[in-house]
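Report on the structure given below.
In this text, all values refer to a predicted model and were calculated from it rather than measured experimentally. Reminder, nothing fancy here: chain letters follow the sequence lines and each chain counts from 1.
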Amino acid sequence: MNISRRDMIKGTAALVALTAIGVPCRAKANNDVQWVKSVCRYCGTGCGVMIGVKDGKAVSIKGDPNNHNEGMLCLKGALLIPVIYTKDRLTSPMIRRNGKDSPLESVSWDEALDFAAANFKKNIAEFGPASVAYYGSGQALTEESYLANKTWKAGFGSNNVDGNPRLCMASAVGGYTTTFGKDEPMGTYTDIDHASCFFIIGSNTSEAHPVLFRRIARRKQQSPDVKIIVVDPRRTNTSRIADIHLAFKAGTDLALLNGMAREIFRQELDDYRFIENHAIFKDNEGNNHTLASYKAFLDKYTPEYVEEITGIPAAQVVEVSRIFAESANTLSLWCMGINQRTRGVWANNLLHNLHLITGQIGRPGASPLSLTGQPNACGGVRDTGSLAHLLPAGRVVENPAHRAEMEDYWKVPRGTIAPKMGLHTIALFEAMASGAVKSVFIHCTNPAHTLPHLNKHTEGLKTAFVAMTECFGVSETLKYADVVFPAAFWCEAEGVYGCTERRYALVKKAIEPLAGTRPAFEIIRDFALRAGVNPALVSYNSNKEVWDEWRTLSKSGPYNFYGITYDRLEKESGIKWPCPSEDHPGTDLRYVRGFDPLVPKDHPHRVMFYGAPNNKATIFLRPYMPPFEPADNEYPFVLTTGRVIDHWHTATMTGQVPELQKAFPSAFVEINPEDAAKLNIVNGDAVVLETRRDKMTFPARVTDTCMPGLVFCPFFDKNLLVNKLFHDAVDAASKEPEYKICATKVYKQA
Amino acid sequence: MAIMSFIVNCDLEHVQKVFDTLESFEELELHGIHNGYQIVAVGDMEADKMEEVMARVGAIEHVQTCELSYVNLEDEID
């Protein structure tokens, strides 16, 4: 075949555009290439990939046609291979010998491990186990998180185990556990193909989860009667395919959700029998309520009252309520717009309420389904209980029976696990700044970029001893590290990822770790051994051994995935739990008789919320509360943040890919044309955002994406750390910070 | 010369009409309708014509936005 250079460039141009909108990228067949089944490194969609390996090097990537993504990849996934071989990979352990002001210098693995371990040992001996902490990641492999959790809680006796899922999914966890008794959704991506109404709220799916967005769009294309309702203060690419876009005042969605519930009852579209059989009612104080008192509570949320609070026309409130309830199957999808809020758990509860009162749950296409931001926040951190208040498989630290179960399973004396929950992320970094926590081990995450109120919380990183694993030399957190362990990246190691839909899939080792790096599992294990942890607790020879211990532990409870073995994962493209035996195919519809193996076949009802007391979910009476820092006369704009399609998180990976970096080389501020005109701002002007914490200057993008009064900045850019502008107020229950709303001044730079 | 690609976001119900209109642009090679509302186009033209073509596409009725996704401005592409 004779192809000119001109044709090749045109092909590349088309490929970039097509992958940018989520069209499958197909690699050319090459007989010399061996294809290894794996999982994408980026978001919580968990797309299956095939990695092409030739002569020991990864040379190509394509979507796994047998996984849920049916061969599709977004542009980020299609450009993962260059990230492995970037010049910014770290390849030598480093330490600062003389404190934070001294330079990082390369040392041997032995010296780096001993240096970190000695510090932890000394502080535990002098100040007690609570003086040391682990800060992990929804990107770490499941086995790494399980091992770290066990090391800290049963090895050191410290419950100071938290991680970046606290910053993204904690409110979804709080919503599921309070409403249904156990974490993780009942729905799966298969629901997208059966839904007749999509209620997308607080999610820019088109940019944050492009492959799922394409599946939603395909559903709409194939069945034009399918309704899509998007609730978002921004007019994003997601809202472009919506039948109804509700652009509301940021932070007022609790009023909308209560108003919709009221309208559903008023229009007599509720499912009384479902409510009667499957739900109870409670208020914020835990008092029991009845259907009648719930309706009385909702009474004030008239469409007109909702319009007054949210700015959504009353008629639209009436209409979307009807569509939500009347559609054959309604699927709600949400993400950080709901979770990253000081009332994030409440917002999650109110979404679940809508499904419970309408019975839009437990059928194909009818479900609440939270979208996850990271590839292994669900499986790796939530399920393994690698957070300060949790123990594995839904157990909680402050329950004595749960502690005893874990102590027996881990074969440590009763009383080993501390009875009090550890410090959640914000409290942890405050404790580091105050000196209460002396040493932290940071794994696979970049808190110096991602924490809110960064000027305050980097103090913790400056004060505490910081040991960290990292793959790339561009992480902001390296500036504060006392010890750096260069970790193997993605397909250089092996382990399990668990994505949004309860699907576990194997990240298969496709190539050897880059010279000088080691798999993080080995780093954590060897650090633990040198820090004095009982070898019987952590002496695993492989990730597979950790996985087998973990899946066996799951056998006795509601997170049962005992049947998901490495052997199966190597052959199959992911398996959804519950999956209690090796011949079980996995579960699409959780809590549903005939689908979920944990629901008895003779259960009298189709649905059984077996994680909750008496098998009944809770409908919560949660009033509307404004955000922590709404706009006011002094700071008249609302600032919100989010992703752009071509970058992921802090761009330590996507920033390595020229095609992606060129698309979005730096952050910017989006401002509505009306506001821009009033402030005499045009495209490209230097615009100052000034909040009560700090002020920063961004180039302006004048666009009607934002409604008047709202400005948006992406957070990927390390040179414009927008989180410096944010407060660090957290949800009272989930302790998740409110990244989505803070008050700001906006003006053109003089 | 320049080679560029862009994504044309259209009103959902008029995407076919926009596609038909774009077919008359001789500088453009179309790569289908996607997600029900997006058209991918590759342009091959003099570099100084790029902005004009983008503006013409953006002005088509029912086009919401026209987003540049790739550009190669090398003088000697061949």
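The line from CD of A:E659 to OH of B:Y70 is 8.0 Å long, rounded to the nearest 0.5 Å. Residue B:Q38 holds its CD atom at 8.5 Å from CZ of A:R240, rounded to the nearest 0.5 Å. Note that CD1 of A:I241 is 13.5 Å distant from CG of B:D11, once rounded to the nearest 0.5 Å. Interatomic distance, NE2 of B:H31 versus CG of A:L18, reported as 7.0 Å (0.5 Å rounding). Distance OH/B:Y37 to CD/A:Q221: 10.5 Å, rounded to 0.5 Å.
With a 4.5 Å cut-off on non-hydrogen atoms, A:N237 touches chain B through its backbone and its side chain both. Interface remark: A:R235 contributes side-chain atoms only to the contact with chain B (heavy atom separation under 4.5 Å).
Taking both residues in full, the closest heavy atoms of B:I7 and A:A17 are given as CD1-O, 3.8 Å, listed atom of the first, atom of the second, then distance. In terms of heavy atoms, A:A14 sits closest to B:V40 at O-CG1, 4.3 Å.
The shortest side-chain heavy-atom distance between A:K10 and B:N72 does not fall under the 4.5 Å cut-off.
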